[in-house]
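Take a look at the structure below.
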Number of protein chains: 2
Amino acid sequence: MSRTPGQRAGLTHDAVLAAARTVFAERGLPGLSMRSVAGELGVAPNALYSHVTDKDALVDALLDDLLGALAPPAPDADPVAGLRGTMLATFDLLGRHADLVPLYLARQGARGPHARALGEAMVVLLARLGVDEAAGRVVRALIVSTLGYAALATADAPLGTAELRADLEVTLDWLLRGAVG
Amino acid sequence: MSRTPGQRAGLTHDAVLAAARTVFAERGLPGLSMRSVAGELGVAPNALYSHVTDKDALVDALLDDLLGALAPPAPDADPVAGLRGTMLATFDLLGRHADLVPLYLARQGARGPHARALGEAMVVLLARLGVDEAAGRVVRALIVSTLGYAALATADAPLGTAELRADLEVTLDWLLRGAVG
DNA sequence: GGACGAACTGTACACCGTCCAGTATGCTGG
DNA sequence: CCAGCATACTGGACGGTGTACAGTTCGTCC
């Protein structure tokens, strides 16, 4: 975090991302600024721009990075249970990082390797349910509801997280029944 | 918009809201600042704070105001068609104001008189379908998907608005079938 | 007509993202 | 071993943000 001046910090893209993760964990989204991340690294704010093109790009990386905490469903698991479980785990993960949910929505669920891996695992499970051509549509429907309910749970609602999670479970059932049946 | 100095502007909450609407229409969400709204009214930025507690509150009002463009479904219309139509009309409206979609999500669909009126009209239609105790849940599911798909349509997706609208139609059918059947 | 409260202005603070110009560093070829 | 060079990084600045504070001016009511 601190260096004797005149030495290189030896930053990397990953180091910047890690610092961003730390700052976000400690101070939330409002506290996540280029300046705060640079401060965490003991570095001038503009130094980040050698490793990250934009604050937007940094946030993109942070969003996908977070999805790395999610284990993709095993391809040989029960398909319906795997899909449900993945979406509920996503909901729970997002609940722990409420600030980010609107960002996921705005960028349509975050591109990036982790997100892609999850999507592909879901497609595999759907194929085993006989859903093939419409798989993309179903994945999208599941994700939309999951992110949407997470967003609702984010704001201080008349409804608590538990109720919304129950809602999500029911909704997922409706969607899967509609898609498969 | 301009006054000889020394005269009162005679602002009201509604005037501020109207100016915000104008600024947003002309310059989008990034261009919507307290300063720009004040400029539109020919007034110092802080003058707004006599009529609006916060930028957040102003945006809240703007969000609900926009929903005023939506006609609630008639209580004696065909329930399924009314619900579907309302959600699709909402999707289309949001498509015309893409910047705002993440904000709706973040505030869980915007409270306010217009939003409430829409919700209540939907509950009435659901009652005629025999959905009573679970009506709130169903309304939420419909709204979540509609907002979610609107959010996806907002970002420059691999998928265009037309495809996502078609997705939404299918999803709404699944949800309604699941809820009613 | 004098007092009062609300509306509005001027100024300022503490931030923000990011650009520009410069400096120092480590790596590479000769 | 040394010159040259690309890269990493710093200092400083620009233009923007939301909003707090203190002061002035006005309309209204007793």
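Each chain gets a letter, A, B and so on, in the order the sequences are listed, and its residues count up from 1. Bear in mind the structure is a predicted one, so any value in this text is a computation, not a measurement.
- In summary, B/Asp173 and B/Arg84 engage in a salt bridge, as defined by a charged side-chain N under 4.0 Å from a carboxylate O.
- Rounded to an integer number of Å, the gap from CG of A/Leu48 to C1' of D/dT7 is 16 Å.
- In terms of modelled atom types and a separation under 3.5 Å, the side chain of A/Glu120 and the main chain of A/Ala117 share no donor-acceptor contact.
- For the pair B/Val138/A/Trp174, a side-chain contact is recorded, criterion being any heavy-atom separation below 4.5 Å from C-beta on.
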Validation: residues 63-79 of chain A side-chain donor-acceptor distances under 3.5 Å, sequence neighbours left out:
unit_1: A/Asp64; atom_1: OD1; unit_2: A/His114; atom_2: N; d: 3.3
unit_1: A/Asp64; atom_1: OD1; unit_2: A/Ala115; atom_2: N; d: 2.9
unit_1: A/Asp64; atom_1: OD2; unit_2: A/His114; atom_2: N; d: 3.1
unit_1: A/Asp64; atom_1: OD2; unit_2: A/His114; atom_2: ND1; d: 3.2
unit_1: A/Asp65; atom_1: OD1; unit_2: A/Arg21; atom_2: NH1; d: 3.0
unit_1: A/Asp65; atom_1: OD2; unit_2: A/Arg21; atom_2: NH1; d: 2.8
unit_1: A/Asp78; atom_1: OD2; unit_2: A/Ala81; atom_2: N; d: 3.0

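- Residues from residues 49-60 of chain A lying near DNA chain C, meaning a heavy-atom separation below 4.0 Å, are A/Tyr49, A/Asp54, A/Lys55 in numerical order.
- Listed candidates were D/dC9, C/dT9, D/dG18. Nearest to the side chain of B/Ser33 is D/dG18.
- On a pure distance criterion of 3.5 Å, a polar donor-acceptor pair joins the side chain of A/Asn46 and the base of D/dG12.
- The side-chain heavy atoms of B/Val123 and B/Val139, taken from C-beta on, include a pair separated by under 4.5 Å.
- Side chain B/Arg35 to base D/dG18: a donor-acceptor pair is found below 3.5 Å.
- B/Phe91 is listed as a side-chain neighbour of B/Thr161, based on a closest heavy-atom distance under 4.5 Å.
- Put simply, CE on A/Met34 is 12 Å from P on C/dC19, counting in whole angstrom units.
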